[in-house]
Amino acid sequence: MIEIIVKATTANLGPGFDCLGLALDIENRVKFIESDKEFPDKNNLIYLSTKKIFDLSGKTMPILQIEQQINIPVCRGLGSSAACIAAGCIGGNELSGAGLSMDELIKIGTEIEGHPDNVVPAFLGGFTVSSLDEGKVVYFRQEAYEGFKYAVMYPEFTLATSLSRGALPKEIAFSDGVFNIGRASLFTAAMIAGDGELLKYACKDKMHQPYRKKLIPVFDEITSKADSLGALSSFLSGAGPTIIAILPHGERGFEDAMKEYLKGMDGNWTLEMVGASNVGATILAK
Ligand code: HSE
């Protein structure tokens with residue numbers, strides 16, 4: 001038996017569509033237990049990722065049961081699929097003895113997910129910038145600055161990434177591209193330097209949020225309220241519908257006031273205050 005801890009991740013962080021990512025301290029635990037009973041769901045993403053590693057290493061996968069303790073909200077833009085993929089790849093690597101390197105696992109995980117922005121921090125923890133270069137996942141990782149905390153706000157409705165990506169335009173204006181490059185670069189600098197003042201400008205986005213917010217009707221109200229309550233910035237987490245507000249670590253009062261405000265919003269929103277996680281997918285026990 002092995003047990004793996006995997007973390008939630010947030011992607012895009014406003015302007016960094018498909019490249020910026022951050023691991024959050026919300027965890028799932030996944031147990032792989034050798035069994036004589038077939039795992040019932042062969043389309044399960046953990047199962048598929050584990051099997052992929054066995055197949056690539058030329059080994060036969062034993063019959064396994066997969067048990068999960070789930071805290072990462074599913075289909076909410078908090079990297080639940082990347083967490084499953086990271087757990088499956090790391091579990092498969094350990095159980096098969098394939099001996100693949102972390103970079104090889106990240107590449108395989110990114111191929112399964114389609115883009116690297118949740119996958120890289122799911123494996124490595126921390127704040128990450130990642131990009132695909134002819135199939136290679138090129139990334140930068142930095143320990144997340146401890147002076148920020150994150151108000152993670154998610155509704156009871158889910159939003160499939162495919163539907164949310166389907167809301168995006170095929171082309172954007174050159175000026176919007178310039179806008180986003182500037183903000184994504186500022187965001188990266190702000191996270192490295194721990195500069196909350198920069199974040200007030202750096203989370204703005206013209207590439208995906210304006211198109212996606214029609215799928216989250218209270219997006220503008222919630223982000224405006226978060227800003228008025230002292231958030232440094234707020235953004236759509238990944239493909240949504242979760243909204244995250246970044247706050248200075250020592251801040252007091254946001255959580256209670258925002259929870260009160262959210263009670264009046266359609267969607268039955270939950271707010272969790274969490275820190276970033278500098279730990280990625282980890283094997284806990286053998
Ligand atoms: N960058 C991705 C998106 C994250 O926004 O669609 C969700 O998988």
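Just so you know, these numbers use all the heavy atoms, side chains as well, and skip hydrogens, waters and symmetry mates. All ligand and atom numbering here is 1-based and tracks the order in the structure.
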Check your understanding: Should L163 and I216 be counted in the same cluster of Ile, Leu, Val, Met, Phe, Trp and Tyr side chains packed under 4.5 Å apart?
Key ->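 Yes, same cluster.
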Would you tabulate the side-chain donor-acceptor contacts of residues 38-45 under 3.5 Å, counting partners in other chains and residues two or more places apart, or write 'none'?
unit_1	atom_1	unit_2	atom_2	d
E38	OE1	K42	NZ	3.1
D41	OD1	N43	N	3.0
D41	OD1	N44	N	3.3
K42	NZ	F39	O	2.9
N44	OD1	I46	N	2.8
N44	OD1	Y47	N	3.0

Point to revise | Sub-4.0 Å heavy-atom environment of ligand 1, residues by chain | key: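 Only N12, F17, D18, H115, D117, N118, T161, R165, R212, G238, A239 have heavy atoms that fall under 4.0 Å of ligand 1, ordered by chain and number.
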**Study point:** Test ring-ring contact (aromatic ring centres under 6.0 Å, His included) applied to F17 - qualifying residues, sequence neighbours left out
**Key:**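 For F17 the ring-ring contact (aromatic ring centres under 6.0 Å, His included) partners, ignoring immediate neighbours, are H208.
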Practice item. Hey, could you give me the CD/OG1 distance between E113 and T161, rounded to the nearest 0.5 Å? Key: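 Rounded to the nearest 0.5 Å, the CD-OG1 separation comes to 7.0 Å.
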Point to revise | Residue from V30, L95, L284 passing side chain to side chain contact (heavy atoms under 4.5 Å, CB included) with I2 | key: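 By the side chain to side chain contact (heavy atoms under 4.5 Å, CB included) criterion, I2 pairs with just one of V30, L95, L284: L95.
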Check your understanding: Tell me, which pairs form a ring-ring contact (aromatic ring centres under 6.0 Å, His included) where one or both residues lie in residues 161-187, sequence neighbours left out?
Key ->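 Listed by first then second residue: nothing to list.
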